[in-house]
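Just so you know, these numbers come straight off a predicted model, no measurement behind them.
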Amino acid sequence: MEMRPNQTIYINNLNEKIKKEELKKSLYAIFSQFGQILDIVALKTLKMRGQAFVIFKEIGSASNALRTMQGFPFYDKPMQIAYSKSDSDIVAKIKGTFKERPKKIKPPKPAPGTDEKKDKKKKPSSAENSNPNAQTEQPPNQILFLTNLPEETNEMMLSMLFNQFPGFKEVRLVPNRHDIAFVEFTTELQSNAAKEALQGFKITPTHAMKITFAKK
């Protein structure tokens with residue numbers, strides 16, 4: 001039976017050897033591209049091992065994440081993703097807000113004008129895409145140069161972000177520099193597609209990744 005869409009997605013088949021904090025950071029890194037995340041819940045109890053919940057602010061973000069990341073190889077295991085049952089009793093229990101409810105309460109109607117806000121948000125992004133500055137940088141190269149990376153960035157996080165794009169070859173970190181890295185693709189076209197898709201991607205809420213072509 002297909003669960004009704006809601007803003008919480010339930011992920012299982014996760015690699016049980018990964019430490020809880022690293023797991024949460026990595027989940028944040030790959031799921032925050034779909035929208036604002038309110039919380040990520042991962043428990044290491046025997047019953048909940050290999051499972052996690054990602055709670056998005058918007059249902060649309062959760063739906064997009066579920067479709068795009070279904071079966072995504074995360075720490076060498078394909079993720080199995082579903083909508084959480086009824087805004088997730090398990091999450092409510094974990095967060096301490098669970099109440100026994102005989103009937104499902106209807107969600108409040110969105111305030112008037114929320115759609116307008118969404119439209120306004122979309123317009124600047126299309127203006128950014130047509131930013132003429134993109135042409136003034138280094139000539140195209142199949143190797144990308146990443147800057148403004150957070151301290152906890154590791155090869156696995158970057159590989160998971162970039163290996164969803166065709167032609168991905170490898171990530172190269174720079175010794176003693178946590179804030180920069182190189183990512184190599186097979187062709188310049190493939191590296192450009194990844195560059196445009198992930199430009200400004202926030203690995204953490206305060207670090208928007210900057211991507212340029214590496215110098216030839």
Side-chain angles (χ1 to χ4, degrees), residues 7-9 11 14-15 18-42 52-58 60-62 64-65 68-69 72-75 79 118 120-134 136-138 140-165 167-185 190-215:
Q7 67 212 67
T8 304
I9 56 172
I11 306 163
L14 294 171
N15 192 320
I18 308 305
K19 290 197 176 95
K20 181 180 155 184
E21 283 314 305
E22 188 185 342
L23 180 72
K24 286 174 80 166
K25 275 180 190 164
S26 299
L27 286 170
Y28 186 93
I30 61 169
F31 280 104
S32 58
Q33 60 185 305
F34 298 103
Q36 188 180 341
I37 292 174
L38 298 180
D39 199 7
I40 290 179
V41 179
F53 293 90
V54 179
I55 305 152
F56 286 96
K57 191 176 180 192
E58 305 280 344
S61 305
N64 199 3
T68 308
M69 304 305 285
F72 181 79
F74 185 72
Y75 290 104
M79 289 196 280
K118 280 182 193 164
K120 280 178 191 159
K121 277 183 190 163
K122 281 177 192 164
K123 281 171 194 162
S125 65
S126 58
E128 286 161 18
N129 292 344
S130 58
N131 192 338
N133 296 350
T136 59
E137 56 170 44
Q138 295 294 330
N141 187 348
Q142 69 263 36
I143 299 172
L144 299 175
F145 178 51
L146 316 184
T147 55
N148 201 35
L149 300 174
E151 200 163 338
E152 61 268 31
T153 304
N154 58 36
E155 198 173 320
M156 171 61 91
M157 271 189 194
L158 291 175
S159 295
M160 285 189 305
L161 274 178
F162 282 92
N163 76 4
Q164 55 190 307
F165 296 96
F168 170 78
K169 285 176 81 173
E170 65 171 347
V171 167
R172 292 199 291 277
L173 298 181
V174 179
N176 306 320
R177 286 289 302 272
H178 66 77
D179 57 329
I180 60 176
F182 293 92
V183 182
E184 185 172 353
F185 283 84
Q190 290 166 335
S191 65
N192 188 48
K195 171 178 170 286
E196 291 193 357
L198 290 173
Q199 187 67 269
F201 176 79
K202 289 188 175 177
I203 292 182
T204 71
T206 51
H207 287 81
M209 182 163 64
K210 291 188 176 72
I211 310 176
T212 56
F213 292 116
K215 287 179 185 168

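When every heavy atom of Lys195 is checked against every heavy atom of Thr212, the shortest pair comes out as CE-CA, 4.1 Å. In terms of heavy atoms, Ile40 sits closest to Lys24 at O-CE, 3.1 Å. Contact record, Ala52 with Leu14: CB-CD1, 3.7 Å, taken as the closest heavy-atom pair.
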List the atom pairs, with distances to 0.1 Å, where a side-chain N or O of residues 155-164 and a protein N or O form a donor-acceptor pair under 3.5 Å, not counting sequence neighbours.
{"unit_1": "Ser159", "atom_1": "OG", "unit_2": "Glu155", "atom_2": "O", "d": "2.9"}
{"unit_1": "Gln164", "atom_1": "NE2", "unit_2": "Leu161", "atom_2": "O", "d": "2.7"}

Under 3.5 Å, sequence neighbours excluded: what are the donor-acceptor pairs made by side chains of residues 140-153?
{"unit_1": "Asn141", "atom_1": "OD1", "unit_2": "Ile143", "atom_2": "N", "d": "3.2"}
{"unit_1": "Asn141", "atom_1": "ND2", "unit_2": "Ala214", "atom_2": "O", "d": "2.9"}
{"unit_1": "Asn148", "atom_1": "ND2", "unit_2": "Ala208", "atom_2": "O", "d": "2.8"}
{"unit_1": "Thr153", "atom_1": "OG1", "unit_2": "Pro150", "atom_2": "O", "d": "2.7"}

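By the 4.5 Å heavy-atom criterion applied to side chains, Leu198 and Phe165 are counted as neighbours. Using a 4.5 Å heavy-atom threshold, the side chains of Phe185 and Asn192 count as separate.
The side chain to side chain contact (heavy atoms under 4.5 Å, CB included) check on Ala65 picks up Ile9, Phe31, Phe34, Phe56, with sequence neighbours excluded. Judged as a salt bridge (charged side-chain N to carboxylate O under 4.0 Å, His left out), and not counting sequence neighbours, the contacts of Glu170 are Arg172. Every residue two or more places apart in sequence or in another chain was checked for a side-chain hydrogen bond (donor to acceptor under 3.5 Å, both in side chains) with His178, and none qualifies. Applying the side-chain hydrogen bond (donor to acceptor under 3.5 Å, both in side chains) rule to Gln33 yields no partners; only residues at least two apart in sequence or on another chain are considered. Take Asn64 and apply the side-chain hydrogen bond (donor to acceptor under 3.5 Å, both in side chains) test, not counting sequence neighbours, and it matches Thr68. Listed by chain and number, the residues in a salt bridge (charged side-chain N to carboxylate O under 4.0 Å, His left out) with Lys57 amount to none (sequence neighbours excluded). The side-chain hydrogen bond (donor to acceptor under 3.5 Å, both in side chains) search around Ser26 returns Tyr75, not counting sequence neighbours.
Rounding to the nearest 0.5 Å places CG of Asp39 at 4.5 Å from CD1 of Ile55.
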Thr8 vs Val41, side chain to side chain contact (heavy atoms under 4.5 Å, CB included): CA-CA, chis, key distance, verdict: CA-CA 10 Å; Thr8 304; Val41 179; over 6 Å; no
Applying side chain to side chain contact (heavy atoms under 4.5 Å, CB included) to Phe182 and Val174, what does each step give before you reach the verdict? CA-CA 8 Å; Phe182 293 92; Val174 179; 3.9 Å; yes
Hey, mind stepping through Phe74 and Leu27 against side chain to side chain contact (heavy atoms under 4.5 Å, CB included) and telling me if it holds? CA-CA 9 Å; Phe74 185 72; Leu27 286 170; 3.6 Å; yes
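Within 6.0 Å of the NZ atom in Lys202, the count of heavy atoms belonging to other residues, nucleotides or ligands does not exceed 12.
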